[in-house]
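First up is the structure itself, then whatever we jot down about it.
In this text, all values refer to a predicted model and were calculated from it rather than measured experimentally. Naming: A, B, ... by sequence-line order, numbering from 1 per chain.
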Amino acid sequence: MSITIKTPKEFSFKECYRFLDRSDKECLHDVKDSKVYKLLTIQGQLLLIEIEHSKDILLINCLNKRVNKSEKTAIIEYVNEWWDLEVSLAPFYKFCKSDPMLKKLVKNHRGLRMIGFPDLFECLVWAIIGQQINLNFAYSIKQRFVEKYGTSLEHKGQKYYLFPDANAVSQLTVEALKELKFSRQKANYTINVANAILLDGLDKNKLVKLGYDEAKNELKKIKGIGDWTADYALMKCIRYPNAIPLGDVGLHNALKEQLKMSTKPTKAALIKFGTEWGTHNGYICFYLWRSLLKDN
DNA sequence: AGCCAGGTGTACA
DNA sequence: TGTACACATGGC
């Protein structure tokens, strides 16, 4: 059974692919020869998918199993959410027309979709790992973590991984995570998040229904989730369009570069941006992050 | 050698 | 409310 998704109006496979290819230590998907590979768990089964682009469609193959109709539907749903394919970018592009910096960002990366995290636990733990350390180090920690505690599937001599689930992580000790170079604090934060999901009913759908402010409060109750991590998850997983991690160093660096500033933006300037950009916060932030990668 | 990386909680005033 | 400090490691 062939699986296809008709691409939305504003879509660039090349831009999405470039973002997915930003680290060679990424272990939760693979990119090769203009194809994207990812292991999914659908209805309790491991499905390895391959995504390629042709004209106005995404062609998806499941490499390890013949899929039935409901699995096909679930795969399409997953990719739509992962790559944010069901949103129109027209309002965002219209908004950007009136500002030179935003106009240039859109010109350089038109069609880029916000590659997100369908899974809340993965999103939060990845954010925690990335707190205050450089991205390369963060990827190293994630790789050790996923390879040690994640479920995997081998296909043609290569291993593909799922992110460890909250159940498995709640059983881990701080010491076990420290061996992977988590700091003591981050090890605690990570286990806290697993417990919040298992014991306190932290749930993606609940956060979707709560509204931005309430959802942010809910997340910040967990020790280890501050403003930055909460907004990161609300932007990349829950997908509130106004969510933006204003304290993000990458955001600061990108703004400094784009606006040719001599110093990083002040806190007051950042708050002003967040207010002016409003519902376009998330996409503007994502495009600014994209601008930090080479071959713009 | 020392500072900075996709921050946060805690300890103090 | 506001500021100092530890935290893990690696790159420059």
Side-chain angles (χ1 to χ4, degrees), chain A residues 18-28 105 109 112 114-117 120 122-145 147-148 163 172-196 202 216-240 243-258 261-268 270-271 273-274 277 281-294:
Chain A
R18 176 65 190 92
F19 185 82
L20 290 163
D21 194 23
R22 76 194 162 133
S23 171
D24 54 16
K25 289 181 182 168
E26 175 61 64
C27 49
L28 295 176
L105 277 178
H109 310 300
L112 173 64
M114 193 196 294
I115 309 296
F117 293 87
L120 178 63
E122 177 191 335
C123 184
L124 287 172
V125 173
W126 170 235
I128 287 166
I129 289 173
Q131 288 170 359
Q132 179 50 29
I133 57 174
N134 64 67
L135 216 42
N136 191 43
F137 180 32
Y139 270 111
S140 298
I141 294 175
K142 169 167 134 171
Q143 188 170 30
R144 286 190 284 266
F145 179 62
E147 290 181 358
K148 181 142 189 177
F163 197 75
L172 300 179
T173 63
V174 170
E175 297 309 318
L177 290 173
K178 269 175 67 71
E179 283 177 23
L180 311 179
K181 311 303 178 191
F182 282 67
S183 65
R184 179 168 295 280
Q185 295 96 315
K186 286 187 188 182
N188 277 308
Y189 300 165
T190 299
I191 295 167
N192 286 348
V193 171
N195 287 331
L202 176 64
K216 187 165 174 179
N217 287 338
E218 231 13 68
L219 286 170
K220 285 180 67 177
K221 285 180 187 167
I222 301 163
K223 289 233 180 306
I225 300 184
D227 279 313
W228 179 87
T229 307
D231 274 314
Y232 183 89
L234 293 173
M235 170 185 161
K236 296 255 291 177
C237 177
I238 313 300
R239 294 186 181 280
Y240 283 111
I244 181 170
L246 284 179
D248 184 76
V249 175
L251 175 67
H252 303 169
N253 289 336
L255 278 170
K256 177 169 178 263
E257 195 175 301
Q258 293 301 313
M261 301 162 75
S262 55
T263 59
K264 287 185 186 181
T266 63
K267 195 172 176 183
L270 289 160
I271 291 170
F273 281 130
W277 296 340
N281 274 342
Y283 259 92
I284 291 172
C285 181
F286 196 69
Y287 273 52
L288 282 166
W289 283 342
R290 167 65 183 88
S291 75
L292 294 167
L293 300 175
K294 291 187 170 43

Under 4.0 Å, heavy atoms only, any strand: does I225(A) hit a base, just the sugar-phosphate, or nothing? sugar-phosphate

Is the distance between the ring centroids of F163(A) and F145(A) under 6.0 Å? yes

Rounded to whole Å, CG of L135(A) lies from P of dC4(B) at a distance of 19 Å

Side chain of N253(A) only, please: which of dT10(B), dT8(B), dA5(B) is the nearest? dA5(B)

For the side chain of W228(A), counting heavy atoms from C-beta on, which of dT9(C), dG9(B), dT8(B) is nearest? dT8(B)

Between dT10(B), dG10(C), dA6(C), which nucleotide has the shortest distance from any of its atoms to the side chain of Q185(A)? dA6(C)

How far, in whole Å, is dG2(C) from dA5(B) if one measures between their P atoms? 23 Å

Nearest whole angstrom, please: distance from the P of dG10(C) to the CD of Q132(A). 15 Å

Closest non-hydrogen atoms of K216(A) and D231(A), given as atom of the first, atom of the second and distance, are NZ-OD2, 2.8 Å

Starting the side chain at C-beta, find the nucleotide from dG10(C), dA6(C), dT8(B) nearest to N134(A). dG10(C)

When the ring centroid of Y139(A) is compared with that of W126(A), is the distance short of 6.0 Å? yes

Base, sugar-phosphate, or nothing: which does Q131(A) touch, judged by heavy atoms less than 4.0 Å apart? sugar-phosphate

5' priority, DNA chain B, between A127(A) and I222(A) [closest heavy atom]: A127(A)

Closest to the S183(A) side chain: dG9(B), dG7(B), dC7(C)? dC7(C)

Report the distance from atom CG of N136(A) to atom P of dC4(B), rounded to the nearest whole Å. 19 Å

Just call it for S140(A): base, sugar-phosphate, or nothing, with non-hydrogen atoms closer than 4.0 Å on any strand. nothing

Kindly check if the number of other-residue, nucleotide or ligand heavy atoms within 6.0 Å of NZ (K264(A)) is above 12? yes

So, OP1 or OP2 of dT9(C): does either fall under 4.0 Å of a side-chain N or O from K181(A)? yes

Using atom CG of L180(A) as one end and atom C1' of dT9(C) as the other, report the distance to the nearest whole Å. 14 Å

Nearest-nucleotide comparison on DNA chain B, the residue closer to the 5′ end among K223(A) and G250(A): G250(A)

Does this structure show an ion pair linking K221(A) with E218(A), if we count only N-O contacts that are shorter than 4.0 Å? yes

Please report, rounded to the nearest Å, how far the C1' atom of dG7(B) is from the CG atom of N188(A). 16 Å

Among dT9(C), dT8(B), dA5(B), which is the nearest nucleotide to the side chain of K264(A)? dA5(B)

Between C1' on dG7(B) and CD1 on I141(A), what's the gap in Å once rounded to a whole number? 13 Å

Find the distance N192(A):CG to dT8(B):C1' and express it as a whole number of Å. 12 Å

Between P of dC3(B) and CD1 of I133(A), the distance in whole Å: 20 Å

Are K142(A) and E26(A) close enough for a salt bridge, meaning some N to O gap below 4.0 Å? yes

